[in-house]
*Asks:* 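Okay, handing you the structure first.
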There are 2 protein chains.
Amino acid sequence: MNLPPLVQSFVLHFGEMGSRWGINRTVGQIYALLYVSPDPLNADQIVDALGISRSNVSMSLRELQAWNLVLLKHLPDDRRDFFTTPDDVWQILRTLAEERKKREVDPTLSVLREILMQQPASEAERHAQERMSEMHGLIERLTTWYEDVKQLETDRLATLLTLGAKVTKLLEAKDKIVSLGRSKRTTEKG
Amino acid sequence: MNLPPLVQSFVLHFGEMGSRWGINRTVGQIYALLYVSPDPLNADQIVDALGISRSNVSMSLRELQAWNLVLLKHLPDDRRDFFTTPDDVWQILRTLAEERKKREVDPTLSVLREILMQQPASEAERHAQERMSEMHGLIERLTTWYEDVKQLETDRLATLLTLGAKVTKLLEAKDKIVSLGRSKRTTEKG
DNA sequence: CTGTCATTTCAGTAATTTCTGAAATAACAG
DNA sequence: CTGTTATTTCAGAAATTACTGAAATGACAG
């Protein structure tokens, strides 16, 4: 591996981290390298930087493209492929969320739905279905929320984050106003 | 494997899904089995249900305990260990979030912080640090939000979810009221 | 066409992870 | 203590996943 020390730490960390997710070491390293690189890199530059085989780079880039985490670029008068990551970290976050949902959540949701359609043939199955139904309900709630907030533009999303739990304070306030309004009207009527 | 068909589908799915996360097949299967089981199970029951070795069950349960995803129970007059999952799916969600943060996010945050402390020795390193700083900023925002929201009781959290992006509508409304108030006062002064 | 350069594919190998059986440890009852 | 039952540990086997080099494919220039 042939990199400035500071970049190397980052790349190595992403490699190790990769294994904790489903991603493998090389894929993590390549991503990290592209992420901090000022310009797009071609496959041979990645080979040199990370000291891995050309074919491994090819396969790992394909993997990263499947995740939409990497962009293919072309320079004029150069027919090699160059790669970068999107600049905007918020966009990266969105992509990551979208892909993980697609791979990890959606399949589970569809398996749960399928099982819940079936007729339980015993008390054990009945109970199992009940538990699965709870899980299904929770996941649906979460994905609905996600589908909803992912539409937001970045600055609104940022606001939402900054606000955090304070939102519920706001809600309490709103509830009070509404209920005050209601009780007032009730009083007037009564 | 010796399970009601409906439970078996669920268990097998969790096994496959496990590999997409960092978790292995057996661990996923055991978790799924305990999750839908009406009563706590002991290690031998898991061996029978899943058709795997006793030692594998022992190691996998240890793993699940390390994740706080499984509870150890004791029945009167029986010195074997019995295991369940927590009943409340919201609680499970919290645990999962907490553990994944601990394992996947916190280490990255600390590596980033460490690297950002250092003096860049070249333009390449300077640029890399800038990118890492963006990533660090985003992750910090997200974790702050998480720390904030995780304190909420379940029903408040549920409200927050149901509300979703509508919160920003609420904010706009609030902003209008505030700015109206301000411009009114300004007008009065002027 | 032919030659050159870039990329991909893939069979075989290397490395890692998972799983097992056997032995060790532990916890208890008599 | 001794025997019984429950659990854990761990070295090696099995399975899976990652990686490589060599060959194939593709894309283009002349």
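Below, read A as the first sequence line, B as the second, and so on, with proteins coming before strands; counting in each chain starts at 1. Below, each value reflects all heavy atoms present in this structure, side chains not excepted, and no hydrogens, waters or symmetry copies. These numbers come from a predicted model, not from an experiment.
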*Asks:* Can you list everything that forms a side-chain hydrogen bond (donor to acceptor under 3.5 Å, both in side chains) with B/E98? Sequence neighbours excluded, please.
*Replies:* B/Y146, B/K150
*Asks:* What pairs with A/T162 under side-chain hydrogen bond (donor to acceptor under 3.5 Å, both in side chains), at least two apart in sequence or on another chain?
*Replies:* B/R141
*Asks:* For B/D78, enumerate each residue passing the salt bridge (Lys or Arg N to Asp or Glu O under 4.0 Å) test, keeping only those at least two apart in sequence or located in another chain.
*Replies:* B/R80
*Asks:* So if I take the C1' atoms of five pairs at each end of the helix from C/dC1-D/dG30 to C/dG30-D/dC1 and get each local axis, what angle do the two axes make, rounded to 10 degrees?
*Replies:* 10°
*Asks:* Looking at residues 16-34 of chain A, who's got a heavy atom less than 4.0 Å off DNA chain D?
*Replies:* A/N24, A/R25, A/T26
*Asks:* Between residues 54-74 of chain A and DNA chain D, which residues have a heavy-atom gap below 4.0 Å?
*Replies:* A/S55, A/N56, A/M59
*Asks:* Listed by chain and number, what are the side-chain hydrogen bond (donor to acceptor under 3.5 Å, both in side chains) partners of B/H127, not counting sequence neighbours?
*Replies:* none
*Asks:* Going by side-chain hydrogen bond (donor to acceptor under 3.5 Å, both in side chains), name the residues that satisfy it together with A/S53, two or more places apart in sequence or in a different chain.
*Replies:* A/S55
*Asks:* Applying salt bridge (Lys or Arg N to Asp or Glu O under 4.0 Å), name anything that partners A/R100, two or more places apart in sequence or on another chain.
*Replies:* A/E104
*Asks:* Could you pull out the protein-nucleic contacts involving nucleotides 2-5 of chain D (nitrogen or oxygen on both sides, under 3.5 Å)?
*Replies:*
{"from": "D/dT5", "atom 1": "O4'", "to": "B/R79", "atom 2": "NH2", "distance (Å)": "3.4"}
{"from": "D/dT5", "atom 1": "O2", "to": "B/R79", "atom 2": "NH1", "distance (Å)": "3.4"}
{"from": "D/dT5", "atom 1": "O2", "to": "B/R79", "atom 2": "NH2", "distance (Å)": "3.4"}

*Asks:* Any pair with a residue in residues 10-32 of chain A that passes ring pair (Phe, Tyr, Trp, His ring centres under 6.0 Å), sequence neighbours left out, goes on the list, sorted by first then second residue, please.
*Replies:* A/F10-A/F14
*Asks:* Could you work out, with side-chain contact (heavy atoms from CB on, under 4.5 Å) as the rule, every residue matching B/W145, not counting sequence neighbours?
*Replies:* A/W145, A/L161, B/V149
